[in-house]
Amino acid sequence: MAASGPSPSVESTLKSVSKLSLRVPELMSRQTDLTRWPIFSILPQDTLNSIRKLCVFGSSGNEAIFITESDDVYAIGSNCSSCLGLGDTHSSFEPRKINALCKKGITDISFGSGPHVLVVTAEGETFSWGHNGYCQLGNGSSNQGIQPVSINQYIGHQVIKVACGSHHSLALTKGGEIYAWGQNNCGQVGNGTTANQPTPRKISAGIGCKQVNSICCGQTSSMALMDTGEVYGWGYNGNGQLGLGNNVNQPSPCRIHTLQGIIISQLVCGYAHTLALSDEGVLYSWGANSYGQLGTGNKANMITPTKVTSSLERFIEIAATHYSHVSTAMTQTGKVMMWGQCRGQSITAPITTRFSCVDDVFAAFSAPPVTWRVYCVDLVKGIRVADSIAAAFDDTETSDLRFFIENKEIHVHKSILKIRCEHFRSMFQSCWNEDEKDCIEINQYPFTVYRAFLQYLYTDCVDLRPEEAIGLLDLANAYCEERLKHKCEEIICQGISVENVAMLYAAAIKFEAKGLEEFCFRFALNHLTAVTQTEAFSKLDGCVMKEFIRKAASAGAFRECMCSVFLGDSADR
């Protein structure tokens with residue numbers, strides 16, 4: 001795995017690039033539907049819209065902390081071990097404010113399996129709370145913490161980053177020093193012993209005066225990335241997750257010598273495996289591989305860094321969390337790839353997803369569905385393409401075409417209509433008169449129906465009452481819009497009654513809406529006596545009524561009726 005080292009001048013340049021690349025992912029805008037995480041699917045939209053940062057954790061992804069635009073901090077969920085920091089043990093699906101953290105500008109959040117939680121403020125202050133059976137809160141005791149308590153008096157420096165393992169914690173200071181505390185049975189605190197550490201203690205053995213750029217934790221292991229691009233590991237090594245070429249636990253930081261000459265720019269830990277990304281976009285992995293989380297195409301553990309080769313593209317971002325066995329990475333063209341234990345299925349080599357950011361992989365495929373870092377919403381503000389198109393509907397300033405219906409106008413854009421609808425694509429050709437017009441009159445359909453149709457082309461949504469959707473179903477059938485037909489059928493089904501089912505049944509046959517036809521038939525069959533006495537039924541076309549009676553007879557409707565009559569007559573006698 002070793003590579004020949006670059007010349008001193010080149011090496012210094014690469015180190016500078018390494019420092020920059022470590023910060024690039026933090027500047028990226030990450031936009032997604034927050035309800036991908038189940039815990040957020042119960043919140044009202046206005047609350048979701050106010051969220052700026054969030055962190056999801058817990059054994060089932062059932063606990064979360066989020067920060068709003070106004071810098072208020074809220075918690076929601078089951079509150080196991082008082083991990084929500086609310087001062088009590090009560091769980092709640094209603095967000096509750098963590099008053100001690102509001103208006104402090106939270107910059108980082110990390111969590112352990114207990115769970116215990118650490119946060120860092122804009123001023124570099126570190127707070128901890130939650131499970132503390134192994135002194136992982138760093139406050140000098142082993143008592144459970146029910147609300148945030150500052151531990152900076154034990155560190156004495158501004159903290160910029162925190163990381164949690166199962167029951168141990170790390171903090172990275174502004175000056176590039178590491179402090180560690182908590183459970184240390186495997187040496188994961190890095191103080192040269194296996195005794196638990198009750199308060200933060202600076203790690204110096206093995207590292208010396210080297211400046212640290214990044215820290216991360218596996219369940220019972222710790223990793224650090226130096227500003228030189230070197231990688232150090234310590235703690236549990238039973239699966240080779242330290243990458244040292246053996247399975248021996250290490251109570252002090254040890255350098256991964258097989259990465260000599262390779263400038264590592266990003267480093268992350270899974271449950272018992274590690275991923276590292278070089279400044280040249282090459283991905284390395286090592287450690288446990290029982291679910292394929294190393295991405296090597298098999299399930300064999302690796303005790304030294306191994307290249308992950310999935311494509312000719314270089315990688316620009318990697319992600320993993322000690323809560324799961326999932327790995328993910330983004331390529332230079334924006335492809336998000338994943339592998340490992342994805343919803344219970346083992347994927348041994350990277351596969352391409354349709355996600356736009358690595359965070360979504362953990363929301364959708366990790367078990368539990370958690371965040372692997374503080375998730376930042378819309379760091380770069382902007383309007384999505386779909387929102388912009390929806391907002392352009394009936395916009396008089398930007399439109400280049402008007403439809404005139406029932407003395408009312410609807411303003412639209414030819415290009416959008418041509419992209420979304422085959423009917424308009426054919427209409428707006430140079431050989432047809434409509435292509436030269438800036439106003440087209442429509443007489444075949446009511447204004448509400450045609451407006452709903454045009455709005456659907458901009459939004460993919462239909463806003464009509466069930467009784468109005470019949471007209472739109474007619475239009476969708478005429479314009480060969482199958483997807484719109486299905487939407488109309490769904491809306492119409494919501495308004496079916498004994499009085500109108502016969503009329504809707506006939507309309508479904510006329511417009512070849514098979515799903516609606518079957519739904520109407522079944523509904524009428526269930527209310528057969530009442531339906532046959534309605535005015536709508538009496539007005540059915542003769543052929544339609546005959547076909548309905550034939551189908552009802554085949555379904556046994558009249559046999560049941562005759563049986564009822566027979567039994568009734570017998571009872572009378």
Side-chain angles (χ1 to χ4, degrees), residues 31-33 35-36 45 48-49 354-356 378 382-496 504 507-517 519:
Q31 305 178 44
T32 191
D33 177 7
T35 58
R36 286 187 186 275
Q45 191 60 49
L48 293 174
N49 292 342
R354 297 183 65 184
F355 296 125
S356 59
D378 289 337
I383 302 176
R384 296 185 306 159
V385 173
D387 295 331
S388 298
I389 293 176
F393 174 67
D394 206 12
D395 182 7
T396 57
E397 293 185 9
T398 62
S399 68
D400 57 2
L401 177 67
R402 293 170 295 139
F403 281 100
F404 192 73
I405 312 160
E406 296 178 353
N407 296 318
K408 299 176 185 177
E409 290 184 341
I410 307 172
H411 297 80
V412 291
H413 308 75
K414 285 184 181 180
S415 57
I416 292 178
L417 301 190
K418 289 166 68 176
I419 290 171
R420 291 280 286 147
C421 179
E422 181 64 34
H423 172 80
F424 290 121
R425 196 173 303 126
S426 300
M427 176 187 293
F428 299 129
Q429 293 183 5
S430 58
C431 56
W432 298 100
N433 292 334
E434 284 82 355
D435 188 50
E436 302 296 328
K437 296 180 179 179
D438 59 7
C439 183
I440 298 176
E441 186 172 356
I442 300 294
N443 299 313
Q444 306 96 312
Y445 301 100
F447 173 81
T448 54
V449 167
Y450 213 80
R451 178 182 172 82
F453 168 59
L454 294 175
Q455 190 167 21
Y456 160 77
L457 297 180
Y458 279 74
T459 65
D460 237 12
C461 298
V462 177
D463 184 18
L464 280 180
R465 297 191 303 272
E467 56 270 25
E468 295 174 320
I470 291 292
L472 187 57
L473 177 63
D474 181 12
L475 187 155
N477 185 64
Y479 285 14
C480 300
E481 288 288 330
E482 290 299 319
R483 190 166 180 270
L484 180 57
K485 283 179 64 175
H486 291 312
K487 280 184 173 289
C488 291
E489 290 180 47
E490 292 173 356
I491 294 173
I492 294 168
C493 286
Q494 298 170 8
I496 287 180
L504 295 177
I509 294 174
K510 177 181 178 181
F511 303 133
E512 299 179 349
K514 296 298 182 183
L516 178 62
E517 178 186 343
F519 188 92

query: Step by step, would you call K487 with E490 a salt bridge (charged side-chain N to carboxylate O under 4.0 Å, His left out)?
result: CA-CA 5 Å; K487 280 184 173 289; E490 292 173 356; 5.8 Å; no
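Put simply, the side chain of L516 does not reach to within 4.5 Å of the side chain of K485, judged on heavy atoms.
Separating the CD atom in Q429 from the CE atom in M427 is a distance of 11.0 Å, to the nearest 0.5 Å. The CD atom of Q455 sits 8.5 Å away from the CG atom of D394 when rounded to the nearest 0.5 Å. Distance check, rounded to the nearest 0.5 Å: CZ of F447 to CD of E406 gives 8.0 Å.
Annotation: side chain to side chain contact (heavy atoms under 4.5 Å, CB included) contacts of L48 (sequence neighbours excluded): L34, T35, F40, L43, Q45, I51.
Closest of all the heavy-atom pairs between A390 and T459 is CB-CG2, 3.8 Å. The minimum heavy-atom distance between I470 and F511, with the atom names listed, is O-CE1, 4.1 Å.
A perpendicular orientation is assigned to the rings of Y479 and Y450, their planes being inclined by more than 60° (bins at 30° and 60°). Using a 30° and 60° split on the angle between ring planes, F453 and Y456 fall in the parallel class, below 30°.
Under the 4.0 Å criterion applied to side-chain N and carboxylate O atoms, R420 and D460 are assigned as salt-bridge partners.
Geometric assessment of K418 against the ring of F428 yields a negative cation-pi assignment under the 6.0 Å and 45° thresholds.
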Compile the donor-acceptor pairs under 3.5 Å between side chains in residues 461-468 and protein atoms, sequence neighbours left out, one pair per line.
residue : atom : partner : partner atom : Å
R465    : NE   : E467    : OE2          : 3.0
R465    : NH2  : E468    : OE2          : 3.2
E468    : OE1  : R465    : N            : 3.2

